[in-house]
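What you see below is based on every heavy atom in this structure, not just the backbone, and it leaves out hydrogens, waters and symmetry mates.
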Amino acid sequence: ILQQWGEFDPLSSTHNFRVGMHDALESSVLPPLIKVLSRRAPNVGISSIKVDRSNLERELASGHIDIALDVSRSVKKPVNQHKIWNSGFCVVMRNSHPLQHTLNQQNYLESQHIIVSNRPLGMTMEDTFFQQQGLQRKTSIRCQNYFAATKILSSSNQLLTITKSMAKQLLNEELCLVKVPFNLPRFGTSVYWHENTEQDSALAWLRSILMDMEPHV
């Protein structure tokens, strides 16, 4: 009732926020978000919901999700956007990999690569960059989650190119990070919301939390 009258009290609210995000973002977003909420809104809930970015406007308009976190890209009204984080790319490989100290553009493109994607045969952002530059890398393995990718990396000479923020979460004693031998564009993450919720005090509060929050890396 308070929310309907344009009021939101985070300390007493029991509201459940529905946040659309890819599962790869959960480990970066949820830990710091839950930490903030435990102090400032201890009774609210968070539901992370996987959403297809091609249906983003419809999911926001229908109320299936309250807001979304996704890669930064151009959107049109009635969807609003605000970039909250930027991250560069790096290469993850096993310790003692033959290219650990000698990775360059030529041997990078000649190596075998893992791609993590839940979109069959879809191009990643890195692939799009390479295509624009007239380059092509060898993708030998495509899997659906980073846990599987790290297991493969630990026992092979495969390479995985991902954002630094994600790579730091995957690191263990068997893996290392190496600088990408290309000038890849930085990866941006934005928060998206429908303009119909612009004046919703609860959602405005959550957006402000996310805009001020540092990702967990």
Side-chain angles (χ1 to χ4, degrees), residues 14-38 41 44-87 89 92 114-128 139 141-153 160-170 186-197 200 202-211 213-217:
T14 58
H15 187 76
N16 185 75
F17 293 105
R18 299 177 298 277
V19 183
M21 71 176 84
H22 191 279
D23 52 6
L25 271 177
E26 288 186 332
S27 55
S28 295
V29 174
L30 292 181
L33 179 57
I34 297 304
K35 185 177 181 179
V36 173
L37 295 183
S38 66
V44 304
I46 293 289
S47 295
S48 173
I49 300 174
K50 193 168 187 176
V51 61
D52 184 349
R53 62 175 57 105
S54 64
N55 294 324
L56 183 60
E57 179 181 344
R58 184 172 62 186
E59 299 288 346
L60 289 168
S62 68
H64 179 63
I65 56 175
D66 296 316
I67 63 172
L69 292 167
D70 200 3
V71 57
S72 297
R73 59 192 179 92
S74 297
V75 293
K76 297 180 180 179
K77 296 291 186 180
V79 176
N80 292 328
Q81 169 195 21
H82 182 86
K83 183 181 288 187
I84 52 176
W85 304 319
N86 257 321
S87 179
F89 284 89
V92 183
I114 300 175
I115 287 180
V116 179
S117 174
N118 60 358
R119 301 173 61 190
L121 304 181
M123 292 184 65
T124 65
M125 290 180 295
E126 311 95 86
D127 289 327
T128 301
T139 302
I141 299 174
R142 181 182 292 267
C143 60
Q144 298 182 68
N145 67 78
Y146 290 100
F147 178 76
T150 56
K151 291 295 185 181
I152 297 170
L153 289 173
L160 174 65
T161 304
I162 55 175
T163 62
K164 291 179 181 178
S165 58
M166 175 59 67
K168 290 178 181 178
Q169 299 176 57
L170 301 178
R186 293 180 66 81
F187 174 88
T189 300
S190 291
V191 56
Y192 299 88
W193 67 96
H194 197 280
E195 63 181 11
N196 288 346
T197 65
D200 186 306
L203 299 185
W205 179 85
L206 179 61
R207 292 196 300 269
S208 69
I209 295 295
L210 290 168
M211 291 175 188
M213 192 179 72
E214 291 293 331
H216 179 73
V217 295

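- No side-chain heavy atom of L56 sits under 4.5 Å from any side-chain heavy atom of D70.
- Taken to the nearest 0.5 Å, the CG atom of L69 stands 6.0 Å off from the CH2 atom of W85.
- For L37 against W205, the heavy-atom pair with the smallest separation is CD2-CH2, 3.5 Å.
- Between W193 and L203 there is no side-chain heavy-atom pair separated by less than 4.5 Å.
- In plain terms, the two heavy atoms of I114 and A149 that are nearest each other are CD1-O, 3.9 Å.
- In this structure the side chain of I49 never reaches within 4.5 angstrom of the side chain of E59, judged on heavy atoms.
- Side chains of N16 and S47 form a contact here, defined as non-hydrogen atoms less than 4.5 Å apart.
- Closest approach of V29 and M213 over heavy atoms only: O-CE, 3.7 Å.
- A distance of 11.5 Å separates CG in L153 from OH in Y146, rounded to the nearest 0.5 Å.
- Between the CZ atom of R142 and the CD1 atom of I115 there is a distance of 4.5 Å, given to the nearest 0.5 Å.
- Here the shortest heavy-atom pairing between G188 and N86 reads CA-OD1, 3.4 Å.
- With values rounded to the nearest 0.5 angstrom, Q169 atom CD is found 12.0 Å from T150 atom OG1.
- Proximity of a side-chain donor or acceptor of N145 to a complementary backbone N or O of A148 within less than 3.5 Å is detected.
- A side-chain hydrogen bond (donor to acceptor under 3.5 Å, both in side chains) with S190 holds for exactly one of K83, Q81, R73; it is Q81.
- Residues F89 and K164 approach most closely at O-CE, 3.6 Å, considering heavy atoms.
- One distance of note links CD of E195 with CD of E57; it measures 9.0 Å at 0.5 Å rounding.
- M21 has its side chain within reach of L30: a pair of non-hydrogen atoms, C-beta onward, lies under 4.5 Å apart.
- The line from NZ of K168 to OG of S27 is 13.5 Å long, rounded to the nearest 0.5 Å.
- Side chain to side chain, D66 and T197 fail the donor-acceptor criterion of an N or O pair below 3.5 Å.
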Kindly determine whether T189 and T163 satisfy side chain to side chain contact (heavy atoms under 4.5 Å, CB included), including the steps that lead there.
-> CA-CA 11 Å; T189 300; T163 62; over 6 Å; no
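- Contact between L60 and A68 at its shortest, heavy atoms only, is CD2-N, 4.3 Å.
- The shortest distance between side-chain heavy atoms of H82 and M211 falls below 4.5 Å.
- Looking at L206 and V19, their side chains come closer than 4.5 Å, going by heavy atoms from C-beta outward.
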